[in-house]
S.K.: 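Before anything else, here's the structure in question.
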Amino acid sequence: MSEEKPSERIVEQRVRNRIMEEIWGLSKGDINVAAAGPTEWFESFFDWFPYDGEPDWYPAMTAKEATAVKQVCILMQQAILDSDIPKNPTVDEICQTGWPQRIAPVAKQALDLMLARGRFSEDDEEVDPSSPVSWP
């Protein structure tokens, strides 16, 4: 049996949920650098956002959520361009730059805004999240 391809709306909902997960990790500051690993701390975020320029796709987000997430993206873009971060950094080298602690409160603000609406279903199309969920 072949599985039905998800609709564009379900894909958008799933992307918003994944972005929430990335923002949640960034909101944890230094501790998430250690948990994710120094390279993955950057790379998992940039799976969803461009390394430079403005992100142009905010699926299933309100204008306020998109603005808040954009601010996180700008900081992450600045961090990855920081010449004080070596090419293959260690956890300590990233944490010593102060970027995780600068990004954390901005990420927390974006996350809180998104959590107020909740997470979308991964399987059913929704205009708004069906209900706020206790996550993370």
Side-chain angles (χ1 to χ4, degrees):
M1 269 181 149
S2 67
E3 200 171 304
E4 189 176 318
K5 183 178 175 183
S7 70
E8 184 176 335
R9 177 62 186 182
I10 289 176
V11 170
E12 291 173 352
Q13 290 173 191
R14 290 175 181 174
V15 168
R16 181 182 179 272
N17 289 349
R18 299 297 82 74
I19 289 171
M20 284 179 73
E21 292 163 5
E22 291 304 321
I23 299 293
W24 172 71
L26 293 174
S27 75
K28 295 167 69 178
D30 290 344
I31 195 167
N32 193 54
V33 179
T39 302
E40 191 62 20
W41 185 75
F42 282 113
E43 295 303 323
S44 63
F45 180 83
F46 288 110
D47 284 345
W48 304 105
F49 294 96
Y51 286 99
D52 59 20
E54 289 201 22
D56 58 1
W57 192 50
Y58 295 108
M61 289 186 200
T62 66
K64 286 182 180 181
E65 289 172 343
T67 298
V69 167
K70 180 180 175 181
Q71 296 309 308
V72 177
C73 183
I74 289 168
L75 288 173
M76 285 296 287
Q77 289 171 337
Q78 291 171 352
I80 205 163
L81 293 173
D82 187 338
S83 61
D84 292 337
I85 299 176
K87 184 175 173 122
N88 293 304
T90 65
V91 168
D92 288 340
E93 288 170 330
I94 290 177
C95 293
Q96 288 170 2
T97 66
W99 279 112
Q101 291 306 316
R102 280 181 267 180
I103 293 166
V106 178
K108 175 79 168 97
Q109 183 177 17
L111 179 65
D112 288 346
L113 189 60
M114 295 174 86
L115 285 173
R117 284 181 64 213
R119 287 169 59 93
F120 279 98
S121 169
E122 296 276 328
D123 301 311
D124 299 316
E125 289 186 16
E126 299 177 323
V127 174
D128 289 304
S130 53
S131 64
V133 292
S134 58
W135 177 91

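For the single chain, residues carry numbers from 1 onward in sequence order.
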S.K.: Would you please name every residue forming a side-chain hydrogen bond (donor to acceptor under 3.5 Å, both in side chains) with Asp82, sequence neighbours left out?
M.R.: Trp99

S.K.: Which residues pass the side-chain hydrogen bond (donor to acceptor under 3.5 Å, both in side chains) test with Glu54, sequence neighbours left out?
M.R.: Lys70

S.K.: Is the side chain of Asn17 donor-acceptor paired with the backbone N or O of Phe120 at a distance under 3.5 Å, no angle test?
M.R.: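 Pair found, side chain donor or acceptor close to backbone of Phe120.
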
S.K.: Atom CG of Leu111 and atom CG of Leu26: how far apart are they, to the nearest 0.5 Å?
M.R.: 10.0 Å

S.K.: Could you work out, with ring-ring contact (aromatic ring centres under 6.0 Å, His included) as the rule, every residue matching Phe49, not counting sequence neighbours?
M.R.: Phe45

S.K.: Minimum heavy-atom separation for Cys73 and Pro55, please, with both atom names.
M.R.: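 Where Cys73 meets Pro55 most closely, the heavy atoms are SG-CG, 3.7 Å.
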
S.K.: Going by side-chain hydrogen bond (donor to acceptor under 3.5 Å, both in side chains), name the residues that satisfy it together with Arg14, two or more places apart in sequence or in a different chain.
M.R.: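 side-chain hydrogen bond (donor to acceptor under 3.5 Å, both in side chains) list for Arg14, sorted by chain: empty.
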
S.K.: To the nearest 0.5 Å, tell me how far Met20 CE sits from Ser27 OG.
M.R.: 10.5 Å

S.K.: Flag yes if Ile31 and Ile103 sit in one hydrophobic cluster, no otherwise; membership is Ile, Leu, Val, Met, Phe, Trp, Tyr, and two members link when side-chain heavy atoms are under 4.5 Å apart.
M.R.: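 Looking at the clustering, Ile103 is in a separate group from Ile31.
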
S.K.: Which atom names give the shortest non-hydrogen contact between Ser44 and Trp41, and what distance separates them?
M.R.: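 In this case the closest contact between Ser44 and Trp41 is OG-O, 4.0 Å.
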
S.K.: Starting at CH2 of Trp48, measure out to CD of Glu22 and round the result to the nearest 0.5 Å.
M.R.: 8.0 Å

S.K.: Measure across Val106 and Gln71 and return the closest heavy-atom pair with its distance rounded to 0.1 Å.
M.R.: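 Residues Val106 and Gln71, closest heavy atoms: CG1-CB, 4.0 Å.
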
S.K.: Going by the rule side-chain contact (heavy atoms from CB on, under 4.5 Å), which residues pair with Pro59 if we only count those two or more places apart in sequence or in a different chain?
M.R.: Glu12, Val15, Trp57

S.K.: CD/Gln96 to CD/Gln101 distance, rounded to the nearest 0.5 angstrom?
M.R.: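 Nearest 0.5 Å value for the CD-CD distance: 13.0 Å.
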
S.K.: Among residues at least two apart in sequence or on other chains, which ones pass side-chain contact (heavy atoms from CB on, under 4.5 Å) with Pro38?
M.R.: Pro89, Val91, Ile94

S.K.: List for me each residue that meets side-chain contact (heavy atoms from CB on, under 4.5 Å) alongside Ser121, sequence neighbours excluded, and say none if there are none.
M.R.: Gln13, Asp123, Asp124, Glu126

S.K.: Can you check whether Gly37's main-chain N or O pairs, donor with acceptor, with Glu40's side chain at less than 3.5 Å?
M.R.: no

S.K.: Taking side-chain contact (heavy atoms from CB on, under 4.5 Å) as the test, write out the residues that go with Ser7, two or more places apart.
M.R.: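 Partners of Ser7 by the side-chain contact (heavy atoms from CB on, under 4.5 Å) criterion, ordered by chain and then number, come out as Arg9, Ile10, Glu125.
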
S.K.: Sequence neighbours left out, what passes side-chain hydrogen bond (donor to acceptor under 3.5 Å, both in side chains) with Glu65? Give chain and number order.
M.R.: Arg16, Arg117

S.K.: Kindly give the heavy-atom pair with the smallest separation between Thr97 and Pro100, and that separation in Å.
M.R.: OG1-CD, 4.2 Å

S.K.: How many angstroms lie between atom OG1 of Thr62 and atom CG of Asp128, to the nearest 0.5 angstrom?
M.R.: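 Rounded to the nearest 0.5 Å, the OG1-CG separation comes out at 9.5 Å.
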
S.K.: What heavy-atom pair brings Met76 and Phe42 nearest, and what distance separates the two atoms?
M.R.: CE-CD2, 3.8 Å

S.K.: According to salt bridge (Lys or Arg N to Asp or Glu O under 4.0 Å), does anything in residues 95-112 pair up with another residue at least two apart or in another chain? List the pairs.
M.R.: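 Found Lys108-Asp112.
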
S.K.: Give every residue pair that meets the salt bridge (Lys or Arg N to Asp or Glu O under 4.0 Å) criterion with at least one member in residues 23-37, sequence neighbours excluded.
M.R.: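 The answer is none; no pair qualifies.
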
S.K.: Test of understanding: clusters of I, L, V, M, F, W, Y form through side-chain heavy atoms closer than 4.5 Å, transitively. Do Ile19 and Ile74 belong to the same one?
M.R.: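 No, because Ile19 and Ile74 fall into different hydrophobic clusters, even though each may have its own neighbours under 4.5 Å.
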
S.K.: Of the non-hydrogen atoms in Ala107 and Val72, which two are nearest, and what is the gap between them?
M.R.: CA-CG2, 3.7 Å

